[in-house]
Amino acid sequence: MAIFFDPCAKIFTIETKNTAYQMKIDKYGYLLHLYYGEKIKQNMDYLLSFLDRGFSGNPAEEAENRTYSLDVLPQEYPYWGSGDYRNVALWTENPDKTIASSLVYDSHEICSGKYRLNRLPSAYAEDTEADTLKIVLRDTVNGMKVTLYYGVFAAKDVITKSVTITNAGEAELIVRKAASSVLDFIGGDFDLVHFQGRHAMERNLERLPVKHTSMVIGSRRGTSSHQHNPGMLLCEPSATEKSGSVYGALLSYSGGFTAEVEKDQFDQTRMVLGISDELLAYPLQPGESLELPECIHAYSSLGFGKLSRIYHDFIRDHVLPPKSKTMKRPVLLNSWEASYFDFTGDTIVALAKEAAELGIDLLVMDDGWFGKRDDDNSGLGDWQVNEQKLGCTLGKMIEKINALGIDFGIWVEPEMISEDSDLYRAHPDWALQVPGRSPIRSRNQLVLDLSRADVREEIYTQICSVLDQGNITYLKWDMNRSLADIASAVNLPGKILYDYMTGLYDFLGRLQKSYPDLLIEGCSGGGGRFDTGMMAYTPQIWCSDNTDALDRLRIQYGTSFFYPVSTVGSHVSAVPNHQTGRITPFEVRGLVAMAGTFGYELNPALLSEEEKQQVREQIGTYKELQPLIFSGDYYRLSDPFRDSFAAWNIVSKDKKECLLTAVILENHANMAVNYVKAAGLNPELIYEDQNGNKYQGAALMQGGIPIVPAMKDLAAYQFRFRACES
Ligand code: GLA
């Protein structure tokens, strides 16, 4: 058991292999946070200081004694109403409209196995792999209960947290803010590292010193968003890839979120992470509960690289759908950049034929096959196959494709509705729209009210009837706009965003149960919903609509801080690139896409014979390497935003195999030689590369491997090292 309660000191200690986490029930029942970090074996309450601080109020129990204030003490789940003026986790509106709570310890439970959430995705484990601590806090006035859940994955060095708010009183309560996790630090200087971006340029790393201000990142778009990823790192200012303390917090939620970090008046740092509280006003009737998304925490004393590898292992083993671990991850050809909306059944079959000849496993028919959909202005919501456009039934077309020896996948965007659609004409009230106001259109489409079960039911039936028409082994689930009109014909505005998201998870969960062998790839204009909420259903996500190799190096670099390579949808596309106009060498596009799920996004008929041969070779190499790429330990070897080259290596768990990739980002005349230092190898072992050259592991890590400039832009290098006898 990794969870201990000391009844005399009233201290909870959670232990993982290398970390410890401590909380204390103080003399009045308030739950204080004591410690999170490298493993310690002692009660840390000696760290608490009690001083008379001006303008920091004292709870009633301390009327005479001014040295106790919740404005100053580190807390586990701070709330408005306690005299704490920092960012808090909880705001609840009482029946009399006041906003105040007073939470004290009520009870706790420790058990083996991992708690699961009901309406939201949550990490899973065998009973022997994780333990659960459940602490119930009770409001002393209105009966509200706040249950704090801790999932302890000791061997993985991960602690998950979630919270459930229950109205155990007798009148309605309204939840206005409810975060999933708070981390209070009584000292220390931190940098905040977060991942910002935009459509087609997601997850750029930004590092900012934490100062005496509240830094807020988040999304009010109803999706986790291209603009900010729902994860953040707090590190000591000197932390690097290989050294220093780093704390990670990653929210398993695909909707709007808020992440706050602030240094308070006494230089203490607080981090708060949870669903977005803007537009939240969630009423709870007596007996009702609100479940909050899971936050995944990890700590590394060995820098960012180690922290990333903790997250990668954890996501692969405990977040992605269990089936996806054994499911074939096909090399695919997607029709989007090959033909956009301009295709027929025959051209799709022709693409499949070309694909089959090159050794590709699966052909994806992207947008444009349903309803009236020859451009992106109409048809969403009408998930009936356009047999006129295909020239046959979907089933017939799939048969032709399967007969070529390859599988078939299809694109859908089930959360959307076009005003020019039969669905909208029949049910205009199914779209989220503010009555009496013009809708905000984006890509000329509106968003379906997925918070409604009847709307979900209709779309679910439609999507299933498509999937039932033939042998469909892959589904690309897309979502191409942000939510704007937060009003529903039947639901309360303050509930819509949360209920939309739980509705989406419900839909995806049903689909997963009904079609257990279907591989679902997530997408939201590329990586607009690249999060562990979606990953519970979609083990791979189209990382970005940007397929330019140079940009992708940077996008995939930022993505790698939390997410394993097996989740990163990555394809080789045509040049000039459709997003940047840049021309990059074919082999570079291949090597960059190999740091992902690998596939093609082009028309093979337009390739030269030489390029076709390269495709065959790339697929051969990738298939051989996929087990290593998907399960190995990932090491970043450069920062492609700062360094003149991008490089990474992936090492098998037994350290006998290593794939090292390097790309020189810009060519200059008479350039210096770069030396890329491998990481994660066994220093004692001798490794042989694909050309028979032998190196000691220590030599590759200390001296590196020379990357000799070549007479071309974006020269790329791939080394495959295998441990050998001597
Ligand atoms: C989004 C996706 C693309 C493609 C188009 C189709 O932009 O990210 O990959 O599927 O939609 O409309």
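Each ligand, and each atom within it, is numbered from 1 in the order the structure gives.
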>> Could you tell me, atom by atom, which parts of ligand 1 come under 4.0 Å of a heavy atom of Asn480?
In response: 1 (C), 7 (O), 11 (O)
>> Quick test: of every protein heavy atom, which one is nearest to atom 9 (O) of ligand 1, and how far off is it to 0.1 Å?
In response: Lys476 NZ, 2.8 Å
>> Taking only non-hydrogen atoms of Arg443, do any sit less than 4.0 angstrom from ligand 1?
In response: yes
> Quick one: nearest non-hydrogen protein atom to atom 10 (O) of ligand 1, plus distance?
Replying inline: Asp366 OD1, 2.7 Å
> Asn229 and His194: side-chain hydrogen bond (donor to acceptor under 3.5 Å, both in side chains), yes or no, with the steps?
Replying inline: CA-CA 7 Å; Asn229 198 254; His194 71 111; over 6 Å; no
>> Need the ligand 1 atom indices (1-based, order shown) with element for anything under 4.0 Å from a heavy-atom of Gly526.
In response: 8 (O)
> Should one rank Tyr340, Trp336, Phe341 by closest heavy-atom distance to atom 5 (C) of ligand 1, which comes out on top?
Replying inline: Trp336
>> If the threshold is 4.0 Å, N to carboxylate O, is there a salt bridge linking Lys623 and Asp361?
In response: yes
> Considering only the protein, which heavy-atom contact is closest to atom 3 (C) of ligand 1, and what is its distance?
Replying inline: Asp545 OD1, 3.5 Å
>> Please evaluate residues Gln462 and Glu458 with respect to the criterion side-chain hydrogen bond (donor to acceptor under 3.5 Å, both in side chains), reporting the C-alpha separation (whole Å), side-chain torsions for both, the decisive distance (0.1 Å), and the verdict.
In response: CA-CA 6 Å; Gln462 284 196 33; Glu458 164 66 23; 2.8 Å; yes
>> Give me the residue, atom name and distance of the protein heavy atom closest to atom 2 (C) of ligand 1.
In response: Asp478 OD2, 3.0 Å
> Can Ser254 and Arg529 be said to form a side-chain hydrogen bond (donor to acceptor under 3.5 Å, both in side chains), step by step?
Replying inline: CA-CA 6 Å; Ser254 316; Arg529 231 170 25 186; 5.4 Å; no
>> I need the nearest protein heavy-atom contact for atom 12 (O) of ligand 1: residue, atom name and distance, please.
In response: Asp367 OD2, 2.6 Å
> Hey, is Asn334 touching ligand 1 through its side chain, its backbone, both or neither, going by heavy atoms under 4.0 Å?
Replying inline: neither
> For Ser524, is at least one N or O under 3.5 Å away from an N or O on ligand 1?
Replying inline: no
>> Between Ser631 and Arg316, do the side chains contain a donor N or O and an acceptor N or O under 3.5 Å apart?
In response: no
